[in-house]
**Student:** 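Pasting in a structure now, in structure tokens, and then I'll have a few things to ask.
Throughout, residue positions are numbered sequentially from 1 according to the sequence presented.
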Amino acid sequence: MNKFRYILLLFFFITFTAWSNAQETNFGLKAGLNLSTLGGDFEDGSFKPGIQVGAFLETSLTEFVKLQPEIYFSQQGVNIYEIDDISIKLNYVNVPILL
């Protein structure tokens, strides 16, 4: 959990620094549906639906260069029907920084 706190702190620091120096700044929210599966030795794995929600901040550093830090919560996993009805659910926090 400590790594998550540091990543979140870094995200907000980059966001605030870019926002305070920006000429043009855009903020937005994103939401969507994930259909994920895992590869492996099982054959009866099916797609598991999950959600993805997040936010982004786009800011202009120069006329041609933009910085866009983002943060997402994403649910992924797989349903396996080979032996028993097994459902694997994985939760991720993604922090991409696009330049």
Side-chain angles (χ1 to χ4, degrees):
M1 192 64 179
N2 269 343
K3 289 181 182 179
F4 174 70
R5 289 180 186 165
Y6 290 128
I7 290 171
L8 195 59
L9 184 63
L10 178 66
F11 172 77
F12 286 118
F13 175 74
I14 290 172
T15 302
F16 179 74
T17 304
W19 180 72
S20 63
N21 294 330
Q23 299 169 356
E24 180 183 330
T25 303
N26 296 316
F27 175 78
L29 300 174
K30 292 184 177 183
L33 175 68
N34 281 338
L35 294 174
S36 60
T37 187
L38 296 175
D41 292 334
F42 48 87
E43 294 181 12
D44 291 335
S46 69
F47 289 101
K48 180 164 185 62
I51 62 167
Q52 181 173 348
V53 293
F56 69 91
L57 179 80
E58 181 186 274
T59 182
S60 297
L61 298 178
T62 67
E63 184 179 349
F64 300 107
V65 178
K66 292 186 177 188
L67 179 70
Q68 183 173 324
E70 303 176 351
I71 188 164
Y72 294 109
F73 171 75
S74 177
Q75 291 180 332
Q76 299 175 16
V78 66
N79 292 321
I80 304 171
Y81 303 112
E82 196 168 282
I83 301 170
D84 290 325
D85 291 343
I86 299 173
S87 180
I88 299 172
K89 186 181 351 177
L90 305 169
N91 295 318
Y92 291 98
V93 174
N94 301 317
V95 185
I97 299 174
L98 309 175
L99 182 64

**Student:** Do you know the tightest heavy-atom contact between Phe27 and Phe56?
**Tutor:** CD1-O, 3.2 Å
**Student:** Within the structure provided, determine whether Glu70 and Leu98 are in side-chain contact (heavy-atom separation under 4.5 Å).
**Tutor:** yes
**Student:** With sequence neighbours excluded, what pairs up with Lys66 under the salt bridge (Lys or Arg N to Asp or Glu O under 4.0 Å) test?
**Tutor:** Glu58
**Student:** For Lys89, enumerate each residue passing the salt bridge (Lys or Arg N to Asp or Glu O under 4.0 Å) test, keeping only those at least two apart in sequence or located in another chain.
**Tutor:** none
**Student:** Treating Thr59 as the side-chain partner and Leu67 as the backbone partner, does any N or O pair qualify as donor plus acceptor under 3.5 Å?
**Tutor:** no
**Student:** Please name the pair of heavy atoms, one in Tyr72 and one in Gly54, separated by the smallest distance, quoted to 0.1 Å.
**Tutor:** CD2-CA, 3.6 Å
**Student:** Taking only residues two or more places apart in sequence, or in another chain, which ones meet Asn34 in a side-chain contact (heavy atoms from CB on, under 4.5 Å)?
**Tutor:** Gln52, Ser74, Gln76
**Student:** Are any non-hydrogen side-chain atoms of Ile71 and Asn94 less than 4.5 angstrom apart?
**Tutor:** no
**Student:** Can you name the closest pair of heavy atoms from Gly50 and Leu33 and give their distance?
**Tutor:** O-CD1, 3.1 Å
**Student:** Hey, does Asn26 have a side-chain heavy atom less than 4.5 Å from the side chain of Leu57?
**Tutor:** no
